[in-house]
Amino acid sequence: MSITARIPKCSKLLVLLRHQTPQLYASFIHSASQKSLIYESPKTDPSSYSSPIIPQIVDILKSNNHENWKTNEQLSQLLFSNHHSISCDHILQITRRLGDSSTALNFVEHLRSNPTSPDANLLSFAFQGVFELASRNPNCKDEVFDLFNFSKELGVPLTVNSATLLIRCFARVKMIEKSMILYQELDTQMRNTHVRNVLIDELFRSGHFVDALQVLDEMLQSNSKFPPNYNTIAIAFPVLLLGKNHHSVVSEEEIVGILSRFGRNHGVFPDSVMLTQLITELCKSRMNNMAWKLLHALFDLDGPVEIASCNALLTALAKDGQFKKMNILMEEMRAKGICPNVVTLGISINHLCKSFRIDEALNLFEMMRRGEVGAPIEPDVLIYNTLINGLCKAGRVEEGLSMMRKMVLEGKYIPRSATYNCLIDGFWKAGNLDRSLKLFHEMEKQGIEPNIITVNSLVGGMCSHGVVGRALKFYREMEEKGLKGNKVTYTTLISGFCGVNNINRAMDLFNEMKQRCAPDAIVYYTLISGLSQARLMDDVESVFLEMTSAGFQPDIQCYNVMINGFCKKNKVDKVHWLLDQMGKVGLKPDSVTYNTLIWFFSKTRDLKSAQRLLREMIDNKVAPTVYTYGAIIDACCLVGEFDDAMNIFRQMSSSSKIPPNTVIYNILIDSLCQQKKMKGALSLFEDMTIKGVTPNTITFNALFKGLRDENLLEKAFELMEKMTELVCHPDYITMEVLTEWLSAVGETDKLKQFVEGYSHTDESDSIIQPQTTPSII
DNA sequence: TTAGGGTTAG
């Protein structure tokens with residue numbers, strides 16, 4: 001039967017009842033013993049489940065038409081005779097088993113036909129059954145409301161469970177105001193903690209913050225007859241702290257105030273699990289301060305705080321770099337007698353490792369193990385891994401490896417893939433790819449499965465060591481074994497191939513990647529950077545367009561890379577286009593952008609534009625850097641305004657704010673050499689060594705060229721010695737200049753001596769290890 | 001707890 005078909009029946013019944021039994025009707029109200037109706041949850045007498053009366057009655061009710069119930073002697077006996085005292089629980093059980101609200105309502109009517117005065121309690125519980133059955137229907141909106149009105153008109157009081165069921169039911173069908181009215185109409189006794197909890201929950205759920213807070217406020221009064229319980233706090237706090245609307249309604253201080261009233265007035269506190277969850281969620285939502293306040297409110301109230309909650313906050317503080325607060329909290333924990341556990345140890349060690357304070361981490365590890373900080377704590381495999389990783393990241397790979405060996409020897413734990421991954425990554429980053437590969441084979445032999453991180457680390461190692469072909473081959477082998485590459489794998493390989501200027505292979509890999517996974521901002525950047533480096537600016541443009549249409553907004557660094565690329569290709573219109581694009585998305589040029597553009601104007605000998613940009617830069621509050629001054633000085637030299645260049649240089653030297661660096665000295669030395677002013681050039685060279693600015697190959701090349709042009713041989717020999725002394729490596733330009741000059745003047749011995757001066761340093765500088773597999777590029 | 005980017009000059 002449909003719901004709409006059932007409703008008129010209720011109304012008919014109502015009319016019938018009013019008409020026939022006015023006194024009876026009134027008698028309910030008097031006999032209704034409210035007290036017996038106030039239950040938190042149905043306190044079903046366990047015996048009633050096994051009571052044979054229930055199935056007997058249900059059986060009769062179900063197998064007979066309701067019109068025949070009245071005449072059924074057996075039913076009358078069972079229900080109404082004094083021999084069988086039918087309890088409220090019995091009635092509830094029976095009504096629930098009738099299957100639908102229509103039959104259940106007929107049962108209510110039948111109970112009312114009891115020749116002796118019917119017990120109002122019984123009817124209340126029968127109605128509860130009716131409400132329960134009706135509310136099962138997802139479209140119960142009107143029916144439940146009509147049934148409720150009907151019960152009201154009959155004067156049948158609600159049970160507590162009927163009240164909460166109806167409050168929830170109305171709220172869920174977006175009639176929360178009806179829930180409120182129902183609550184207000186309830187007898188004061190009925191508005192108990194449970195009912196209020198349900199109402200508050202539904203008010204919060206439907207966004208009625210103010211009403212919910214008002215009900216909560218009543219409960220929190222110190223003389224409240226129905227004080228809050230654990231459920232109240234469990235309902236209110238997640239919403240107050242993490243709900244969407246709380247910023248406009250309740251301040252952080254007010255939330256703390258509410259918590260204090262729970263604790264101080266009623267001794268109700270969140271338990272450890274709830275508190276930990278709340279802290280974790282707050283920190284996830286970047287509300288570390290609120291999490292801090294929450295925990296400290298509990299400290300102030302002397303409420304129960306366990307180590308897990310403290311660990312949650314410590315984790316967030318460590319992540320956020322709030323180390324002072326971490327120390328304060330640790331001290332407070334000590335004062336409160338909250339003992340650190342293995343997790344606390346892990347957080348502390350992790351934080352020390354991430355701050356490169358490895359020795360302190362190792363120290364803490366030993367101290368905690370030995371029980372020198374509270375009770376002894378046995379570290380877990382994660383802590384070992386954290387330390388091994390910390391050692392590797394600090395370049396202390398041998399110590400990291402010993403730690404793993406020690407862990408195994410002590411029989412503590414078997415290394416995990418992650419343990420090996422840290423070491424593999426550490427060794428190649430320390431320049432020893434060979435050891436990484438040995439560890440990889442060792443882990444395979446030990447039956448510790450490599451994962452995609454192992455593969456990516458080794459692929460990265462090979463790419464960094466210049467053996468990109470081998471990296472790809474290795475990846476293909478791993479792919480065959482089922483380790484499919486991800487974004488990281490492809491980005492690493494793409495970056496590697498761009499690095500060796502094999503753009504075709506990089507593009508192939510990019511296309512292959514797109515078949516497997518969606519590209520992200522990092523891979524787009526990598527590709528744009530590689531293509532810009534290769535000056536393939538048309539391709540840069542198309543990748544840029546693809547990136548933006550995929551929904552990724554290039555950041556300022558990415559724009560700078562592209563602007564630089566277009567500048568180098570002299571594509572001014574494209575530079576303007578990119579600057580426009582930046583403006584449209586609200587990205588402002590930074591110092592790198594300005595420097596790139598100023599450098600471009602310098603190179604095109606457009607000193608005026610370079611100076612104009614310098615002014616614009618300063619006006620826009622972008623601080624000039626050593627690059628900026630370098631570019632301006634360069635421009636001055638190129639247009640022959642050498643005195644201006646020297647003036648800027650002197651200002652830089654005297655202010656010590658941005659002291660000139662090697663590049664600036666090189667520009668000036670080169671310019672002086674070209675002007676054949678060797679005295680000045682050599683004096684600047686002297687000046688830079690005094691100021692601790694290291695000359696490099698370019699400095700020496702400029703000087704050698706100048707000295708050669710002036711044929712100042714002795715000075716050149718002096719500088720050659722100086723160059724060897726500084727282990728400054730000659731390049732092809734150095735060799736070209738010196739070979740030509742010294743051969744011509746018959747000083748080849750000096751040249752030989754010069755070259756030999758570097759022979760002992762060559763080996764240690766080579767980081768490329770002998771290959772065991774042939775490279776395919 | 002482990003893996004990929006980081007821009008500008010001579």
Side-chain angles (χ1 to χ4, degrees), chain A residues 346-347 349-350 353-354 379-390 392-393 400 415-426 428-429 450-461 463-464 483 485-496 498 513 519-530 532-533 554-565 567-568 589-600 602-603 624-635 637-638 660-671 695-699 701-702 733:
Chain A
I347 296 164
I349 286 181
N350 194 21
C353 287
K354 290 275 147 59
D380 59 13
V381 68
L382 255 78
I383 289 176
Y384 274 102
N385 283 358
T386 306
L387 282 167
I388 291 168
N389 186 43
C392 289
K393 288 280 185 291
R416 297 182 177 190
S417 306
T419 323
Y420 271 98
N421 291 349
C422 296
L423 289 162
I424 287 170
D425 202 61
W428 75 253
K429 280 181 180 156
N451 57 22
I452 192 64
I453 297 178
T454 325
V455 175
N456 291 345
S457 178
L458 281 167
V459 165
C463 288
S464 300
L483 284 168
N486 60 16
K487 289 175 198 183
V488 179
T489 328
Y490 283 98
T491 309
T492 311
L493 285 166
I494 289 167
S495 172
C498 285
M513 171 191 182
D520 61 9
I522 297 180
V523 74
Y524 279 119
Y525 172 82
T526 306
L527 206 52
I528 284 174
S529 173
S532 298
Q533 197 78 36
D555 57 16
I556 186 68
Q557 284 161 335
C558 191
Y559 272 105
N560 288 342
V561 166
M562 292 187 285
I563 289 170
N564 183 48
C567 281
K568 292 272 157 64
D590 66 358
S591 66
V592 177
T593 325
Y594 278 111
N595 293 344
T596 307
L597 296 169
I598 292 173
W599 205 269
F600 170 73
S602 300
K603 284 292 156 221
T625 69
V626 70
Y627 283 84
T628 326
Y629 293 120
I632 300 284
I633 288 173
D634 194 34
C637 290
L638 286 169
N661 64 5
T662 307
V663 177
I664 290 181
Y665 274 101
N666 288 352
I667 294 166
L668 293 167
I669 288 172
D670 189 51
S671 178
N696 61 17
T697 311
I698 292 165
T699 327
N701 287 352
I733 296 173

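Chain A is the first sequence line, chain B the second, and so forth, proteins listed ahead of strands; every chain is numbered from 1.
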K.L.:
Side chain of A:N486 only, heavy atoms from C-beta on: which candidate in B:dT1, B:dA3, B:dT2 is closest?
P.N.:
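Selected nucleotide (nearest to the side chain): B:dA3.
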K.L.:
If you go through the side-chain atoms of A:D520, does one of them form a donor-acceptor pair with the base of B:dG4 closer than 3.5 Å?
P.N.:
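Checked by distance alone, the answer is yes.
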K.L.:
Just call it for A:D670: base, sugar-phosphate, or nothing, with non-hydrogen atoms closer than 4.0 Å on any strand.
P.N.:
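Nothing, no nucleic acid heavy atom in range.
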K.L.:
What is the distance from CG of A:D425 to P of B:dT1, rounded to the nearest Å?
P.N.:
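My rounded result for the distance is 16 Å.
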K.L.:
Quick check against the 3.5 Å criterion: does A:S457 have a side-chain atom that pairs as donor or acceptor with the backbone of A:I453?
P.N.:
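Not confirmed, A:S457 side chain does not pair with A:I453 backbone.
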K.L.:
What nucleotide among B:dT8, B:dG4, B:dT1 has an atom nearest to a side-chain atom of A:T492?
P.N.:
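Of B:dT8, B:dG4, B:dT1, B:dG4 is nearest to the side chain of A:T492.
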K.L.:
If you take atom types as modelled and just measure distance, does the side chain of A:N451 reach the base of B:dA3 with a donor-acceptor pair under 3.5 Å?
P.N.:
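Check fails, no donor-acceptor contact within cut-off.
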K.L.:
To the nearest Å, give me how far apart OH (A:Y490) and C1' (B:dG5) are.
P.N.:
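After rounding, the reported distance stands at 19 Å.
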K.L.:
Check every atom of B:dA3, B:dA9, B:dT1 against the side chain of A:I452 and return the nucleotide holding the closest atom.
P.N.:
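In terms of side-chain proximity for A:I452, the closest of B:dA3, B:dA9, B:dT1 is B:dA3.
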K.L.:
Would you say B:dA3 has OP1 or OP2 under 4.0 Å from some side-chain N or O of A:N421?
P.N.:
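No, no such contact exists.
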K.L.:
Kindly write out the residues that satisfy side chain to side chain donor-acceptor pair (under 3.5 Å) with A:D380, not counting sequence neighbours, or none if the list is empty.
P.N.:
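In terms of side chain to side chain donor-acceptor pair (under 3.5 Å), with neighbours along the sequence ignored, A:D380 is linked to no residue.
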K.L.:
Could you state the CD1-C1' distance from A:I494 to B:dG5, rounded to the nearest angstrom?
P.N.:
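After rounding, the gap between these two atoms is 12 Å.
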K.L.:
Do the side chain of A:S602 and the main chain of A:I598 share a donor and acceptor less than 3.5 angstrom apart?
P.N.:
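The answer is yes, because a donor-acceptor pair under 3.5 Å joins these two groups.
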K.L.:
Would you tell me if any nitrogen or oxygen in the side chain of A:K393 comes within less than 4.0 Å of OP1 or OP2 on B:dA3?
P.N.:
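For B:dA3, OP1/OP2 do have a side-chain N/O of A:K393 under 4.0 Å.
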K.L.:
By nearest atom, which of the nucleotides B:dA3, B:dG5, B:dT7 is closest to the A:T526 side chain?
P.N.:
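Side chain of A:T526 sits closest to B:dG5.
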K.L.:
Find the distance A:Y629:OH to B:dT8:P and express it as a whole number of Å.
P.N.:
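The distance from OH of A:Y629 to P of B:dT8 comes to 21 Å, rounded to the nearest Å.
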K.L.:
Mind checking what makes side chain to side chain donor-acceptor pair (under 3.5 Å) contact with A:N595, not counting sequence neighbours?
P.N.:
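Result, side chain to side chain donor-acceptor pair (under 3.5 Å) vs A:N595: A:T625, A:T628.
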K.L.:
Side chain of A:I522 only, please: which of B:dT1, B:dG5, B:dA9 is the nearest?
P.N.:
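Between B:dT1, B:dG5, B:dA9, the one nearest the side chain of A:I522 would be B:dG5.
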K.L.:
Taking atom C1' of B:dT8 as reference, at what distance in whole Å does atom CG of A:D590 sit?
P.N.:
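Nearest whole value for this atom pair: 9 Å.
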K.L.:
If you check every side-chain atom of A:V488, which of B:dT1, B:dA3, B:dG6 has the closest atom?
P.N.:
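From the listed options, B:dA3 comes nearest.
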K.L.:
What's the CE-C1' distance between A:M513 and B:dG4, to the nearest Å?
P.N.:
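These atoms are roughly 9 Å apart.
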K.L.:
With rounding to the nearest 0.5 angstrom, report the CD1 to OG1 distance, A:I667 to A:T662.
P.N.:
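Here the rounded value is 11.0 Å.
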K.L.:
Take atom CG of A:L382 and atom P of B:dT1, then tell me their distance rounded to the nearest Å.
P.N.:
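These atoms are roughly 7 Å apart.
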K.L.:
Of the nucleotides B:dG5, B:dT8, B:dG4, which has the atom closest to the A:N595 side chain?
P.N.:
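Within the option list, the nearest is B:dT8.
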K.L.:
Please determine, for the side chain of A:D555, which listed nucleotide (B:dA9, B:dG5, B:dT8) has the closest atom?
P.N.:
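That would be B:dG5.
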K.L.:
Would you name the heavy atoms of A:T596 and A:V592 that are closest together and state the gap between them?
P.N.:
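Heavy atoms only, the tightest pair is OG1-O, 2.6 Å.
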K.L.:
With a non-hydrogen cut-off below 4.0 angstrom, is A:T593 in contact with a base, only sugar-phosphate, or nothing?
P.N.:
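Here A:T593 touches no strand at all.
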K.L.:
Would you indicate which nucleotide in B:dA9, B:dT7, B:dA3 comes nearest to any side-chain atom of A:N661?
P.N.:
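Shortest atom-to-atom distance from the side chain points to B:dA9.
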K.L.:
Please give, in whole Å, the distance from B:dG5 P to A:Q557 CD?
P.N.:
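Answer to the nearest Å: 13 Å.
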K.L.:
From the list B:dT1, B:dT2, B:dT8, which nucleotide is the closest neighbour of the side chain of A:K568?
P.N.:
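Nucleotide nearest to A:K568's side chain: B:dT8.
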K.L.:
Just to be sure I understand the rule, does A:V663 reach a base, reach only the sugar-phosphate, or reach nothing, if contact means heavy atoms closer than 4.0 Å?
P.N.:
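Base contact.
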K.L.:
Side-chain donor or acceptor of A:T491 under 3.5 Å from a matching atom on the base of B:dG4?
P.N.:
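Side chain to base: pair found, below 3.5 Å.
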